[in-house]
Amino acid sequence: MLKFILRRIGASALVLLGASLLMFFLTINSGDPLKDLRESNDPNAAQLMAERSERLRLDDSPWERYWDWLSGVGGCFTGNCDLGVTINGIDVLGLTQQAASSTLRLITLSTLLAIVVGVALGILTAIRQYSGFDYSVTFSAFLFFSLPVFWAATLLKEFAAIQYNNWIAVGQYAPWTIVIVAVLAGFLLQAVLGGSTRRRLATAAGVFAFVTVMLFVFNALDWWRNPMFGIGGVLLVSVAAGVLVTALTAGLGNRRVLYAALTTAVVGVIAYWFTAPLLVDEPTWLLLIGLFVVAVVVSVAIGAAWGGYARKQAMLVTGITGVITSFVVVADILIAHWSGFLGIKSRPISTIGSQTPNFDGEFWERVLDMGTQILLPTILLTLVSVATHSRYTRSSMLETLNQDYVRTARSKGLSEREVIVKHAFRNALIPITTIVAFDFAALIGGAIITEEVFGWKGMGALFQDGLNAVDPAPVMAFFLVTGIAAVLMNLLADIAYAALDPRIRR
């Protein structure tokens with residue numbers, strides 16, 4: 001495996017080197033960096049042209065300029081990183097760090113959400129082939145895939161931001177809105193669960209009644225402006241997550257794994273009870289990351305202690321349960337600070353920028369501000385990627401489910417869960433990993449438009465400003481970050497190939 005990884009790293013480095021050379025020469029030959037000064041009536045135009053020429057080294061050969069940039073990048077491995085300066089003399093390294101933080105935060109979150117949602121929908125539609133649910137997801141996938149990004153962004157701004165901000169000022173659903181939401185919820189869930197007509201009607205009626213009652217209760221409690229979840233809610237969701245993960249991976253019949261998952265949920269809630277003052281009063285990112293790592297380690301240890309003959313499965317289940325519990329704990333803290341956040345920022349969902357200027361809230365209010373700023377572009381990029389992931393997953397699952405070894409597994413009497421999870425899904429993942437890697441690179445390119453629409457100062461703005469000014473330093477910084485990210489994702493896809501199918505290593 002190590003030789004395989006080293007070969008892929010070497011090939012990736014050569015690809016980056018060749019692509020960087022092409023990008024540099026295309027950029028410096030795309031226009032005249034002195035055009036604005038040549039057309040200027042400023043009496044100091046000649047002096048300014050001389051200064052810019054010296055700053056951009058226009059008198060040197062293109063090969064010398066490229067070698068100088070490459071040497072600066074090589075210095076990053078020794079702690080002396082130098083990406084040059086912009087056409088205005090601003091250090092590119094500082095600009096890149098700020099821009100990369102915004103873009104990669106957006107792209108990483110969108111990719112993770114798209115993988116989870118898209119793969120889940122693809123599996124469900126493959127299992128429920130030619131059902132109403134399958135047709136609905138297929139139609140939605142093609143619709144989202146075909147939507148122009150700028151138009152979808154405009155719709156999100158209008159309905160998910162402006163209209164929501166108007167509504168949250170009151171925070172009450174009208175009765176007719178509650179009825180419509182309940183009807184839609186009942187219709188969607190009965191389509192997902194399927195079954196006979198009688199079962200579908202019972203599901204739709206039950207969901208309609210439940211959603212209607214809950215929304216009226218939320219209205220009465222003013223929950224939308226002053227929400228509450230509490231430690232009981234955290235326990236309920238964590239236990240439900242543990243049961244669901246156990247059902248999907250090991251089956252509820254495996255009592256050791258089930259008890260390990262439930263123990264993880266309970267231990268997580270108890271730990272939250274004791275650490276709540278620290279999390280609420282003195283939070284830092286370092287503290288949160290440290291507690292998250294401890295939570296995962298303890299969760300896996302619980303799985304190892306409970307597992308017995310099913311130790312590996314138990315450790316996997318408890319690890320996932322611990323991660324979910326950690327996120328639920330953070331969600332509970334954020335919900336508790338929502339009313340305070342509304343007091344600082346009455347219109348919470350922003351349409352422009354990656355952060356609110358001069359925002360003076362506490363730690364959790366700042367986290368909420370970051371979340372609401374990233375919400376719309378994340379939804380937009382996720383919707384586009386979910387369409388791709390769901391279709392490829394469905395196709396791959398259908399092909400795998402028709403293989404002889406799947407029919408053999410069914411003929412041996414294995415449960416449908418074991419057939420799908422242990423046999424079909426693992427092999428269906430092989431082509432999906434390619435799509436994930438390519439989609440990550442495509443998202444980086446698509447984020448340029450998204451960042452422009454939502455006013456994000458990320459890698460897209462850095463690239464566009466550099467290209468418009470025929471300034472190679474910002475353009476090459478964009479290439480360096482996005483190129484390495486794309487190549488790294490392809491490298492991870494190759495490693496995932498080798499892990500899923502050992503024959504690929506040879």
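Remark: side-chain polar atoms of Thr177 are not paired, donor with acceptor, to backbone N or O of Tyr173 under 3.5 angstrom. The closest donor-acceptor contact from the side chain of Arg347 to the backbone of Ile168 lies at 3.5 Å or more, if one exists at all. Side-chain N or O atoms of Thr318 include one that pairs as donor or acceptor with a backbone N or O of Ser299 at under 3.5 Å. With hydrogens and angles ignored, the 3.5 Å screen pairs no side-chain donor or acceptor of Thr393 with any backbone N or O of Ser390. Side-chain atoms of Asn165 come within 3.5 Å of backbone atoms of Ile349 as a donor-acceptor pair (strictly under, hydrogens ignored). Remark: side-chain polar atoms of Gln313 are not paired, donor with acceptor, to backbone N or O of Ala250 under 3.5 angstrom.
Between Thr372 and Phe341, some side-chain heavy-atom pair lies under the 4.5 Å cut-off. Here the side chains of Thr400 and Tyr405 are in contact, with some heavy-atom distance below 4.5 Å.
Note: Phe363 and Trp285 meet the aromatic proximity criterion, with ring centroids under 6.0 Å apart.
Side-chain contact check for Thr103 and Glu451: at least one donor-acceptor pair (N or O, by modelled atom type) lies under 3.5 Å. A side-chain donor from one of Glu418 and Ser415 sits under 3.5 Å from a side-chain acceptor of the other. Counted by atom type alone, Thr450 and Trp456 present zero donor-acceptor pairs between their side chains at under 3.5 Å.
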With salt bridge (Lys or Arg N to Asp or Glu O under 4.0 Å) as the test, would you mind laying out the steps for Lys345 and Glu365 before giving the verdict? CA-CA 10 Å; Lys345 188 178 178 183; Glu365 280 83 9; over 6 Å; no
Worked verdict on Arg391 versus Thr125 for side-chain hydrogen bond (donor to acceptor under 3.5 Å, both in side chains): CA-CA 9 Å; Arg391 300 314 299 158; Thr125 51; 5.0 Å; no
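Here the closest non-hydrogen pair linking Trp364 and Val330 is CZ3-CG1, 4.1 Å. Smallest separation of non-hydrogen atoms from Val406 and Leu401: CG1-O, 3.7 Å.
With salt bridges taken as basic N to acidic carboxylate O contacts below 4.0 Å, none links Arg366 and Asp369.
The environment of CD in Gln98 is sparse: at most 12 heavy-atom neighbours from other residues, nucleotides or ligands sit within 6.0 Å.
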